[in-house]
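Input: a single structure, listed below in structure tokens.
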Amino acid sequence: MTVHVVATAGHVDHGKSTLVRALTGMEPDRWEEERRRGLTIDLGYAYTTLPSGREVAFVDVPGHERFLGNMLAGLGPAPVVCFVVAVDEGWQAQSSDHRDAVAALGIERGVVVLTRADRAPERADAVLAEARAQLATTGLHDAPAVAVSALEGTGLAQLRAALDDVLARAPAPSSERLRLWVDRSFTITGSGTVVTGTLAAGSLVQGDRLQLLGHDGARPVAVRGLHSRNRPCTSLAPVTRVALNLRGVSADDVRRGDALVTPGTWPVTDVLDIRRTTGTAFTAAAVHLVVHAGTAAVPARLRPFDDDHARLSLDRPLPLVLGDRLVLRDPGHRSVLGGAQVLDADPPVLRRRGDRGRRADRLAGMDTRGDVLAEVARRGAVREQHLHRLGLLPTGDPDPPGEVRVLGDWWVHAPVFDSWQQQLRTAVEELHARDPLAAGLSRGAARDLLSLPEPKLVDAVARAAGLEHDGGHIRSPHHRGDLGPVEAALAELEHRLATAPFRAPEADALTALQLGVRELAAAERSGRILRLRDGVVLLPTAPALAMRELARLPQPFTTSQARQALNTTRRVAIPLLEHLDARGWTRRLDAGHRTTVR
């Protein structure tokens with residue numbers, strides 16, 4: 001079910017709540033104090049059905065400057081706005097504040113509503129002209145306009161039709177991943193914690209498991225129930241006003257400005273690089289301000305790079321991505337300083353002299369669609385999932401740019417990948433030259449050398465570089481070790497074993513020949529010897545020779561019979577038989593008997 005969401009905007013006491021009441025028949029002011037004073041203090045909610053059958057939920061915002069933060073919380077997640085100007089008073093101070101908020105948030109769809117038209121009908125044309133001029137720099141510059149009198153009921157039918165037309169032309173919202181900014185939290189007896197908000201992206205299903213990103217960190221929650229327009233639902237799609245009954249958190253632990261998200265799909269960041277979209281140019285000095293995103297209001301420090309680009313450091317992390325709109329507010333004067341758009345939710349650390357200037361140049365060349373190649377190049381290697389989280393990739397299986405190499409779930413910049421291959425080849429060749437008997441470069445050493453973000457990338461780089469990477473070491477496929485230093489000893493060993501194939505030399509005999517572990521390992525890699533367990537060393541031809549003798553025995557045969565047939569000792573016979581078992585040439589029947597496999 002979808003319920004379109006429309007927020008009000010306009011100067012205090014210009015009839016926003018009265019208009020919503022006339023359109024819906026519902027009282028949007030929720031507090032007794034609001035109804036007593038006739039002044040909207042916090043967000044109000046009401047809903048109705050338009051002539052087309054479209055269902056609309058209104059978020060009524062306060063107009064007084066003291067409640068600017070509450071106004072921004074209501075306007076932030078809303079895609080459509082009713083901008084209200086009273087005909088008898090015309091454009092006023094808070095009209096400008098709300099205009100600045102609409103411009104900062106990039107809201108492009110709505111209706112200009114001239115209220116109290118019955119009080120000064122002769123002023124309607126002049127007030128509309130002034131409103132058009134004031135809204136010229138916003139997305140509402142050509143919005144339809146309707147004059148109404150909520151008390152007399154005139155113009156309401158035309159307003160409903162205008163809203164119907166605006167909502168019919170609104171683009172379909174994204175349902176890829178959920179992000180719901182919380183605007184209320186309370187407890188219902190028998191149900192527990194309930195939160196409400198505008199579902200602007202993603203879809204909800206009863207039973208969903210979500211992540212609550214709150215003032216005190218992240219925690220898992222489950223959706224026990226869904227409501228919209230005071231009706232239970234099993235699923236909801238954007239854009240919709242929703243109420244969620246949550247399991248796993250108390251109402252006291254959820255506040256306005258918290259967000260519910262699909263786990264693992266949004267970056268959570270407290271450092272952003274931004275571009276100014278509205279307001280005056282950034283000054284050179286760092287300033288403290290309040291950043292509004294969704295329903296959140298977070299103190300922040302802004303450090304400009306130039307007139308239009310800056311870095312924001314937030315007091316707490318928020319789920320923000322490329323293209324998100326922010327409102328920058330002066331914390332002392334309750335005024336909107338301007339708007340900004342997120343260019344990078346995972347910006348680089350700036351340490352070296354000149355980094356700020358280079359970063360300013362980089363940001364100036366970026367657009368809000370993102371440059372995935374540039375981001376992969378900056379990082380060298382990045383997981384595809386992280387690019388999705390940052391808003392740089394669409395859903396599905398996107399085709400990587402030509403200069404990106406895909407290694408499993410990693411995207412690697414091609415020049416970086418080529419550099420890794422060259423470094424690894426050079427390191428392996430230098431090791432072979434320095435230590436001919438070495439088994440090769442260990443995988444751990446290779447990862448450290450290349451500063452790879454994940455161990456499994458080592459094999460991919462080695463494979464692409466044309467290197468062998470088995471047994472935990474990486475080596476050249478053409479290198480089997482220079483056995484020159486031990487060639488004479490190895491020849492002596494081969495001579496002895498050629499005479500008595502199964503008389504493996506004892507450890508002291510190998511020591512006398514100066515054949516230690518490294519030398520024997522190099523000889524084995526060269527295919528000169530076969531090493532079995534317990535230090536047994538034979539020629540590579542020994543298994544085939546053994547099978548020739550064992551096949552002549554009555555089947556099955558015992559270990560003792562095998563030892564005698566091979567003219568050797570138990571020390572050699574048992575490892576050799578186990579080796580034959582492993583190769584499938586013999587089969588062990590029980591503790592004392594085997595048979596050859598024909």
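Predicted, not measured: the structure shown is a model, and the values here were computed from it. The figures that follow rest on heavy atoms only: side chains count, while hydrogens, waters and symmetry mates do not. Note that the numbering runs from 1 along the sequence shown for the chain.
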* Asked: Hey, mind stepping through Leu178 and Leu199 against side chain to side chain contact (heavy atoms under 4.5 Å, CB included) and telling me if it holds?
  -> CA-CA 8 Å; Leu178 172 77; Leu199 179 62; 3.0 Å; yes
* **Pair Asp409 + Lys456: basic N to acidic O under 4.0 Å** => yes
* Are Thr595 and His593 close enough, and set up right, to give a side chain to side chain contact (heavy atoms under 4.5 Å, CB included), and what steps lead you there? -> CA-CA 7 Å; Thr595 183; His593 294 82; over 6 Å; no
* Exam field: side chain Arg275 to backbone Leu343, donor-acceptor pair closer than 3.5 Å -> no
* Spacing of CG belonging to Leu210 relative to CG belonging to Leu244, to within rounding of 0.5 Å -> 7.0 Å
* Sole candidate of Val382, Leu387, Leu390 that passes side chain to side chain contact (heavy atoms under 4.5 Å, CB included) when paired with Val372 -> Leu387
* Where the side chain of Arg356 meets the backbone of Arg353, is there a donor-acceptor pair that is under 3.5 Å apart? -> no
* Would you confirm whether Thr586, through its side chain, and Asp581, through its main-chain N or O, come within 3.5 Å as a donor-acceptor pair? => yes
* Asked: Do Asp273 and Arg311 sit within salt-bridge range, that is, some charged N less than 4.0 Å from a carboxylate O?
  -> yes
* Is there a donor-acceptor pair under 3.5 Å between the side chain of Gln421 and the backbone N or O of Ala462? -> no
* **Modelled atom types, side-chain donor and acceptor of Glu430 and Thr426, under 3.5 Å** => no
* Asked: What is the distance from atom CZ of Arg177 to atom OG1 of Thr262, rounded to the nearest 0.5 Å?
  -> 9.0 Å
* Would you call Trp411 and Val406 a side-chain contact if the rule is heavy atoms closer than 4.5 Å? -> yes
* Asked: Where the side chain of Gln555 meets the backbone of Leu553, is there a donor-acceptor pair that is under 3.5 Å apart?
  -> yes
* Okay, side chain of Arg379, backbone of Ala381: is any donor-acceptor separation there less than 3.5 Å? -> no
* Who pairs with Val416 by side-chain contact (heavy atoms from CB on, under 4.5 Å), at least two apart in sequence or on another chain? -> Val412, His413, Trp420
* Asked: Has the side chain of Thr295 got a donor or acceptor atom that lies under 3.5 Å from a matching backbone atom of Val182?
  -> yes
* Structure fact -> To the nearest 0.5 Å, atom OG1 of Thr234 lies from atom CG of Leu226 at 8.0 Å
* Evaluate the side-chain proximity of Leu318 to Leu272: yes if any heavy-atom separation is below 4.5 Å, no if none is. => no
* Asked: Would you call Asp346-Arg389 a salt bridge at under 4.0 Å N-O?
  -> no
* To do: Would you name the heavy atoms of Pro319 and Asp324 that are closest together and state the gap between them?
  => O-OD2, 4.2 Å
* Structure fact -> d(His579 NE2, Leu538 CG) to nearest 0.5 Å is 9.0 Å
* Between Ser419 and Gln422, is any pair of side-chain heavy atoms under 4.5 Å apart? -> no
* **Flag for Ser313-Asp270: side-chain donor and acceptor within less than 3.5 Å** => no
* To do: Indicate yes or no: does Arg378 engage Asp344 in a salt bridge with an N to O separation below 4.0 Å.
  => yes
* Side chains of Arg179 and Leu320: does their closest heavy-atom pair fall under 4.5 Å? -> yes
* Asked: Side chains of Arg552 and Thr596: does their closest heavy-atom pair fall under 4.5 Å?
  -> no
* To do: Apply the test side chain to side chain contact (heavy atoms under 4.5 Å, CB included) to residues Met366 and Glu375: give CA-CA distance (whole Å), side-chain angles for both, the deciding distance (0.1 Å), then the verdict.
  => CA-CA 11 Å; Met366 291 176 63; Glu375 293 305 309; 4.1 Å; yes
* To do: Might you work through the side chain to side chain contact (heavy atoms under 4.5 Å, CB included) test for His388 and Thr265, ending with a clear yes or no?
  => CA-CA 8 Å; His388 280 293; Thr265 61; over 6 Å; no
* Do the non-hydrogen side-chain atoms of Leu580 and Leu550 ever get within less than 4.5 Å of each other? -> yes
* Asked: Rounded to the nearest 0.5 Å, what separation is found between the CG atom of Leu497 and the CD1 atom of Ile529?
  -> 9.0 Å
* **Closest heavy-atom pair and its distance - Ala251, Thr193** => N-OG1, 3.0 Å
* Asked: Can you tell if the side chain of Arg209 reaches within under 4.5 Å of the side chain of Pro220, non-hydrogen atoms only?
  -> no
* Asked: Hey, is CD on Glu578 packed in by over 12 heavy atoms from elsewhere, all under 6.0 Å?
  -> yes
* Structure fact -> side-chain hydrogen bond (donor to acceptor under 3.5 Å, both in side chains) pairs touching residues 498-511, sequence neighbours excluded, are Arg503-Asn567, Glu506-Arg571
* Main-chain N/O of Val205 paired to Asp208 side chain as donor or acceptor, under 3.5 Å -> yes
* Structure fact -> Here the pair of heavy atoms bringing Leu424 nearest to Ala446 is CD1-CB, 3.8 Å
* Asked: Do Thr559 and Arg594 come within less than 4.5 Å of each other through their side chains, counting heavy atoms only?
  -> yes
* With a 4.0 Å cut-off, would you call Arg358 and Asp361 a salt bridge? -> no
* Structure fact -> Taking every heavy atom of Val537 against every heavy atom of Pro505, the minimum-distance pair comes out as O-CD, 3.7 Å
* To do: May I ask you to decide if Val298's main-chain N or O and Arg316's side chain share a donor-acceptor pair within less than 3.5 Å?
  => no
* Asked: Going by atom types only, do Thr198 and Arg241 share a side-chain donor-acceptor pair under 3.5 Å?
  -> yes
* Heavy-atom count around Arg533 CZ within 6.0 Å, excluding the residue itself: above 12? -> yes
* Structure fact -> Residues Ala374 and Arg362: closest non-hydrogen pair is CB-NH2, 2.7 Å
* Asked: What distance do Leu457 atom CG and Arg443 atom CZ have between them, rounded to the nearest 0.5 Å?
  -> 10.0 Å
* Closest approach of Trp181 to Ala259 (non-hydrogen atoms, all atoms of both residues) -> CE3-CB, 3.9 Å
